[in-house]
Amino acid sequence: MIKLEKIHRNFQVGDQIVHALDDINIIINDGEYVSVMGPSGSGKSTLLNLLGLLDQPSSGKYYLNGGDVTELDEDRQASTRNKNIGFVFQVFHLIPRLTAAENIELPLVLAGVDEEIRKQRVNHALESMNLMERAQHKPPQLSGGQRQRVAIARATIMEPSVLLADEPTGNLDQKAGLNVIETLEQLNQHGITLIVVTHDEALGARSTRSIRMLDGRIESDNTDNKAG
Amino acid sequence: MLTKDFIRLTGTSLLAHKLRSFLTMLGISIGITAVVLLTSIGEGLYKFVLSEFTQFGTTLVGINPGKVTTFGMSMGVFGSVRPLTISDAEALKQLSFAKSVVPLVQGNAEVEGNGRTRRTTVYGVGSAFPETFSMKVGAGRFLPDDDPTAPRAFVVLGYKVKQELFANTNPLGQRVRIGGDRYRVIGTMEAKGQVLGFDLDDTVYIPAARGLDLFNRDSLMEIDILYKEGTNVDRVVAGIKRILKSRHGRDDVTITTQEQMLKVLGSILNVLTFAVGAIGSISLLVGGIGIITIMTISVNERTTEIGLLRALGAKQTQVLSLFLGEAIVLSAIGGAVGLLLGVGLAQLLHAMLPALPVHTPWTFVMFAEGLAITIGLVAGVLPARRAARLDPVEALRAE
Ligand SMILES: Nc1ncnc2c1ncn2[C@@H]1O[C@H](COP(=O)(O)OP(=O)(O)O)[C@@H](O)[C@H]1O
Ligand SMILES: [Mg+2]
């Protein structure tokens, strides 16, 4: 479970203070499918980075699975990211000199998992992402959709409880984008908490909960806008 | 992270830029090559000079008349000092640790024999000269242990003098004339070659007392004592001083032990080797700057990758060690190549110029490789720290 309490995130730009997040209070339960929408600059990415422990709030509390993670030191936050949080980015962020399989394997490598176990898990992930034939290909040899599926496999290889996706379809054509969203939704159906930032109203409408942001605030928070 | 994965990740990123990695390694290689080559030559010279000096053994003590004022200058040159005499040498034989005592006077004179003449170095010495200076008699025998004050007129010829005067005929029993006096040849020396530039074969040996007469001197130039191994040097010096002081009434001689000589010589040669190594190190410094440059470029290029690694849960220390690892691998491999090159070139040089002694001790090799790795470490620290301290959000946004 995710719980944000009075979260503020300010940036100092020159002598001006930008309130990227301005008093955010939300609770997201395990297994929810949340879309975050809003105009550019409304604080969506900042919110996601904060949820992913890549960024710290200026003030407020963040509880993940019951524990206060704002109190953790750098190393603990790193290991929480490694084990509990998966990231999917708009620009994929694959390492070009590593093969698809090696890219997927990275979080396991960082965690120091044994080679035997790694192989099994990576193979399993490749299979479920339908990337078996692409295992030994390097990112430049893959299509956009395939690259994003490699990124999703990498984000979920540690079986995290939360999957954060910042405009995952932003760099994809409609067909590949739909395929990626369906892949994410499948993972959500298997229990992962899915939080997707998107510009696309149609994609946003597919989630069970839709958060709209404006100027660092939550404008609206509609649960189950699809099923009614 | 497992060590194996660490090495693999480091390797792939270095292999991704082969030319760049190669050139960076080359910088370190050249530096290490220079250090190894120069110190090998320095150390070779050191060994060479030292072995030249110690070939007479290290238990040799030289006594010269007069007190040394400054390094190497003896007051004895200007007279006003009691002469060092043959009876002084005889008296020193009573020292229990003295294996042999050799009086020595030296000068140049014409030697005439077998109808030929040669100007050569004449040594007036005692009968213990060969054992004291590790010289070997080739034919016949060395000067006998005659009454030191009235020795018979015998001469022993150095190898070159024998060759020049007698060529292939047997000189033993022949007469030669040295400075007007007639001597009988009773022996010849084995060829010895040059020691520190002195031709030890272009010599003849006559008894010390006759040498003093020949050169019209009343003082020996030197008395050399070979003492028993294991004797404390201080005891040796003290014993010699005691006897000569009682004979001369004051302490008016200079005693030079081989140990002192070696110490001075050793420290001079060490400074030489060090200086030469330091010159080589300058090129290592340049190689180190190369690593800093490349690693800085690498961190800049891979900023998003660093952000990604952090997002995937890499700790700051892991990022730090990955980049540090790359710098160290570059310098360690560069260093190893440099070692091979350096040792190879040193051997090649020695093969082409056998007169130039080279020597590469293992400690130098280990030291040079350690130095290379240290340079990689030091050069890598700044860029790697920068990588580790990047803000992950900013890093991911870069491009
Ligand atoms: N590192 C930063 N420094 C200064 N301002 C920032 C920084 N990151 C974000 N902002 C500002 O915070 C606001 C929210 O940004 P962001 O979360 O990226 O918006 P969104 O993802 O909704 O487009 C914007 O006004 C942006 O300019
Ligand atoms: Mg954004």
Side-chain angles (χ1 to χ4, degrees), chain A residues 9 11 20 45-56 73-99 102-118 138-139 151 154-158 160 164 166, chain B residues 1-22 294 297-326 329 384-399:
Chain A
R9 179 66 171 105
F11 291 104
S45 293
T46 306
L47 177 66
L48 220 64
N49 290 335
L50 218 123
L51 289 172
L53 290 176
L54 280 179
D55 197 9
Q56 323 300 321
D73 64 23
E74 254 298 320
D75 279 4
R76 293 246 172 72
Q77 290 198 349
S79 100
T80 307
R81 279 200 296 276
N82 184 250
K83 293 187 176 60
N84 294 322
I85 295 161
F87 279 100
V88 177
F89 307 93
Q90 180 175 353
V91 293
F92 322 131
H93 283 314
L94 299 179
I95 295 182
R97 60 179 182 279
L98 300 183
T99 64
E102 287 168 337
N103 267 289
I104 296 171
E105 196 183 23
L106 265 179
L108 294 164
V109 169
L110 289 171
V113 174
D114 238 44
E115 210 171 349
E116 275 301 296
I117 301 170
R118 280 193 336 231
K138 298 205 167 145
R154 181 181 63 191
T156 51
I157 196 77
M158 296 296 288
L164 305 170
D166 197 346
Chain B
M1 207 182 327
L2 306 175
T3 315
K4 202 172 139 198
D5 295 314
F6 180 78
I7 293 167
R8 200 167 46 83
L9 278 180
T10 309
T12 55
S13 54
L14 291 177
L15 286 175
H17 296 284
K18 290 192 189 68
L19 182 64
R20 185 203 277 184
S21 301
F22 170 75
I294 286 303
I297 292 173
S298 181
V299 169
N300 282 339
E301 283 177 350
R302 283 152 68 193
T303 301
T304 53
E305 181 184 320
I306 295 162
L308 169 80
L309 286 175
R310 298 292 301 284
L312 297 181
K315 297 181 170 67
Q316 282 179 314
T317 47
Q318 283 179 316
V319 173
L320 181 88
S321 47
L322 274 172
F323 279 88
L324 217 48
E326 286 182 26
V329 167
R385 269 223 320 224
R386 217 166 62 76
R389 289 181 179 179
L390 282 177
D391 174 42
V393 176
E394 299 278 329
L396 280 166
R397 237 205 313 254
E399 205 137 14

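In what follows, chains carry the letters A, B, and so on, assigned in the order in which the sequence lines appear, proteins first and then strands, with residues in each chain numbered from 1.
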> With a 4.5 Å limit on heavy-atom distance, are the side chains of A/Leu106 and B/Leu309 in contact?
Replying inline: yes
>> Measuring from atom CG of B/Leu2 to atom CZ of A/Arg118, what distance do you get when rounded to the nearest 0.5 angstrom?
In response: 6.0 Å
>> With rounding to the nearest 0.5 angstrom, report the CG to CG distance, B/Leu312 to A/Asn103.
In response: 9.0 Å
> Could A/Glu115 and B/Arg8 be called an ion pair, given the rule that one side-chain N must be under 4.0 Å from one carboxylate O?
Replying inline: no
> Considering all heavy atoms of both residues, which atom of B/Lys315 and which atom of A/Ser79 are nearest to each other, and what is their separation?
Replying inline: NZ-CB, 4.1 Å
> Just by distance, do the side chain of B/Gln318 and the backbone of A/Leu110 share a donor-acceptor pair under 3.5 Å?
Replying inline: yes
>> A side-chain contact here means heavy atoms from C-beta on lying under 4.5 Å apart; do B/Arg310 and A/Glu74 qualify?
In response: yes
>> Counting heavy-atom pairs under 4.5 Å with chain B, which one of A/Leu108, A/Leu98, A/Val109 comes out on top?
In response: A/Val109
> With a 4.5 angstrom heavy-atom cut-off, which part of B/Leu15 approaches chain A: side chain, backbone, both or neither?
Replying inline: neither
> B/Ala16 and A/Arg97: which non-hydrogen atoms are nearest, and at how many Å?
Replying inline: CB-CD, 3.6 Å
> Hey, does B/Thr12 have a side-chain heavy atom less than 4.5 Å from the side chain of A/Ile95?
Replying inline: no
> Would a 4.5 Å heavy-atom cut-off, applied to side chains only, mark B/Leu396 and A/Phe87 as touching?
Replying inline: no
> Between A/Asp75, A/Asn49, A/Ile85, which has the largest tally of heavy atom pairs under 4.5 Å with chain B?
Replying inline: A/Asp75
